[in-house]
Amino acid sequence: IVTDPLVLGMGLVPGSVTAVTSGAGTVTIVTGNGATDTSIRVDLDVLAMNDTLTITYDAEVVDPAVNGDILTNIATVDANSLPDGTGRPLEESDDHDLEIRQPETFKQVVATSLADTGDTQYTAADDLAIGETATFHVHSRIPEGTYPLTITDQLPDVLEVVSSRVVSIGANVSGSSLALNDPGTASDSNADLLNDFVTFSFGTITNLTDNINNDDDLVVVEVIARVIDLPANADGQTKTNTAVVDYSTGSDTVTEDIDIVEPLIGLTKTFDETLVAVSEPFTLTLVMTNTGTATAYDIALSDIFDPRLE
């Protein structure tokens, strides 16, 4: 007698049980193929030396299991050394762990609006100047199954949403209420009159169960954000953008940092003479230097003369 009671969180696919022996014994699938069966029992009347019995069945992860759980499944064999059951009882068991896959989610800056801001000033994060925009992508290989899917993106203080869109939906994912290039819903999370939060509500989706983790399971969304010219944004600050992928039975939080950079203009003015006579010419020198961490643009330099100079 072989029994396999599936643990909480693991569901039997009815009708999927098969059992084959290499010997002459008679195999009977007692439970497992009934429409309401939740466990497996297979009987075999005789297993000769070197014979095998192979049982296969399909199962799926069900509530209340959540991502990250480890489900331990134990199968047990009961037998006897005599055909009438009066001999020595024999028992053997084996277990196997199944870890429920976390979605593979990450966030990254894929573009910025200025070519000369890199990632070398403060940390390894991308550098952004005041007024510059960054394009963030959230990638998530979502779990298989059917569930409500929501992706949110909380911008740091003080960045504002410029635009957002759905970049891609994997071939295995169906039922989404958002299509490619549809925008998310922007909102103001802290009442500062700037939209700094984006919600992508996909509705109840189905990700086809094929037991293959690839880009057919991938959902990608995009948020373009601008660094606002406010005192709260200052050179050297690191800002953290936080996205959450919520798939009902669990969620995944990912972050991406940016560093604020600014130009810093210094100006010195010198005369080649400190004492001159009336009508005696002299030379003035102006030197302007950018000692900051970003490029300055549209520079206008003026020098207002004393009325007694010409």
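Taking the six-membered ring where the residue is Trp, Tyr147 and Tyr247 present perpendicular rings, their angle passing 60° and hence far from 30°.
Panel note: side chain Thr28, backbone Val30; no donor-acceptor pair is recorded below 3.5 Å.
Among pairs with a residue in residues 267-285, those fulfilling side-chain hydrogen bond (donor to acceptor under 3.5 Å, both in side chains) read Lys269-Asp303, at least two apart in sequence or across chains. Annotation: salt bridge (charged side-chain N to carboxylate O under 4.0 Å, His left out) contacts involving residues 87-96, sequence neighbours excluded, are absent.
Checking Asn241, Asp257, Thr242 one by one against Lys107, the side-chain hydrogen bond (donor to acceptor under 3.5 Å, both in side chains) holds for a single residue, Asn241. Considering Leu12, Val2, Ile29, Asn33 in turn, Leu12 is the only one that fulfils the side-chain contact (heavy atoms from CB on, under 4.5 Å) rule with Ile40.
Ion pairing between Arg141 and Glu104 holds under the 4.0 Å rule for side-chain N and carboxylate O.
A continuous path of hydrophobic side-chain contacts links Val27 to Val17 [ILVMFWY only; heavy atoms under 4.5 Å].
Annotation for Leu286: hydrophobic cluster partners, listed by chain and number, are Ile265, Leu267, Met288, Ile299, Leu301 (ILVMFWY side-chain heavy atoms under 4.5 Å, direct or chained).
By the 4.5 Å heavy-atom criterion applied to side chains, Tyr57 and Val42 are not counted as neighbours. Side-chain contact between Ser164 and Phe200 is present, with heavy atoms from C-beta onward closer than 4.5 Å.
A 6.0 Å sphere centred on CG of Leu275 holds no more than 12 heavy atoms belonging to other residues, nucleotides or ligands. Atom CG of Asp298 sits in a sparse spot, with 12 or fewer heavy atoms from other residues, nucleotides or ligands closer than 6.0 Å.
Put simply, CD1 on Ile74 and NE2 on His96 are 12.5 Å apart, with the number rounded to the nearest 0.5 Å. Rounding to the nearest 0.5 angstrom, the gap separating the CG atom in Asp119 from the CD1 atom in Ile258 is 13.0 Å.
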